[in-house]
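Some notes on the structure that comes next.
Side-chain atoms are counted along with the backbone in the values below, which use heavy atoms only and exclude waters and symmetry mates.
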Amino acid sequence: MIKLKSTCLTAMLLWPLSVLSAMELKLAGVFTDHTVLQRDKAVTIWGWADPNEPVTVKFATQNKPVTADASGKWLVKLDPLPASAEGRELVIESARND
């Protein structure tokens, strides 16, 4: 009975560490609903993922793959696009959320 209690206590104490090690794919807070991107200029998109996690950024006709660095940071530059009155969706994907 005592061994079972110590095993459960150890598991309860270590569980938060497993949650911390699995980082969620995140986009920088400046990118929100209805964000307008600069026309005719390269646009930098960045965020965080698990270290060394492949990430893909999709916008309009562009599909930009990148790999997060050892600390989980990633960054891509979208090619310049002309102005458009059409709304477009920015999609960020990783192997974890596919």
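Transitive grouping of hydrophobic side chains (ILVMFWY, heavy atoms separated by less than 4.5 Å) brings Val76 and Val30 into a common cluster.
Remark: Glu24 CD to Ser94 OG distance equals 9.5 Å, nearest 0.5 Å. The CG atom of Asp79 sits 12.5 Å away from the CG atom of Asp40 when rounded to the nearest 0.5 Å. Once rounded to the nearest 0.5 Å, the distance linking OG of Ser71 with CG of Asn52 reads 9.5 Å. Residue Ile92 holds its CD1 atom at 9.0 Å from OG1 of Thr56, rounded to the nearest 0.5 Å. The CD atom of Glu93 sits 8.0 Å away from atom CG of Asn63, with the distance rounded to the nearest 0.5 Å. Distance check, rounded to the nearest 0.5 Å: CD of Gln62 to CG of Leu90 gives 10.5 Å.
Within a 6.0 Å radius of NZ in Lys64, other residues, nucleotides and ligands contribute more than 12 heavy atoms. By the neighbour-count criterion of 12 heavy atoms within 6.0 Å, atom CZ of Arg88 is densely surrounded, having more than that number from other residues, nucleotides or ligands.
No side-chain donor-acceptor contact under 3.5 Å links Asp50 to the backbone of Glu53.
In this structure, Arg39 and Pro82 approach most closely via the heavy-atom pair CB-C, 4.2 Å. Residues Ala49 and Ala68 approach most closely at CB-CB, 4.3 Å, considering heavy atoms. Scanning all heavy atoms of the two residues, the minimum distance from Glu89 to Phe59 falls at O-CD1, 3.7 Å.
Side-chain contact between Leu75 and Val66 is absent, with no heavy atoms from C-beta onward closer than 4.5 Å.
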> Do Trp74 and Val57 pass the side-chain contact (heavy atoms from CB on, under 4.5 Å) test, and can you show the C-alpha distance, the side-chain angles, and the key distance before you say yes or no?
Replying inline: CA-CA 10 Å; Trp74 57 267; Val57 176; 3.7 Å; yes
> Could you walk me through whether Phe31 and Ile45 pass the side-chain contact (heavy atoms from CB on, under 4.5 Å) check?
Replying inline: CA-CA 8 Å; Phe31 302 104; Ile45 308 290; 3.5 Å; yes
> So Thr67 and Val55, side-chain contact (heavy atoms from CB on, under 4.5 Å) or not? Walk me through it.
Replying inline: CA-CA 6 Å; Thr67 301; Val55 174; over 6 Å; no
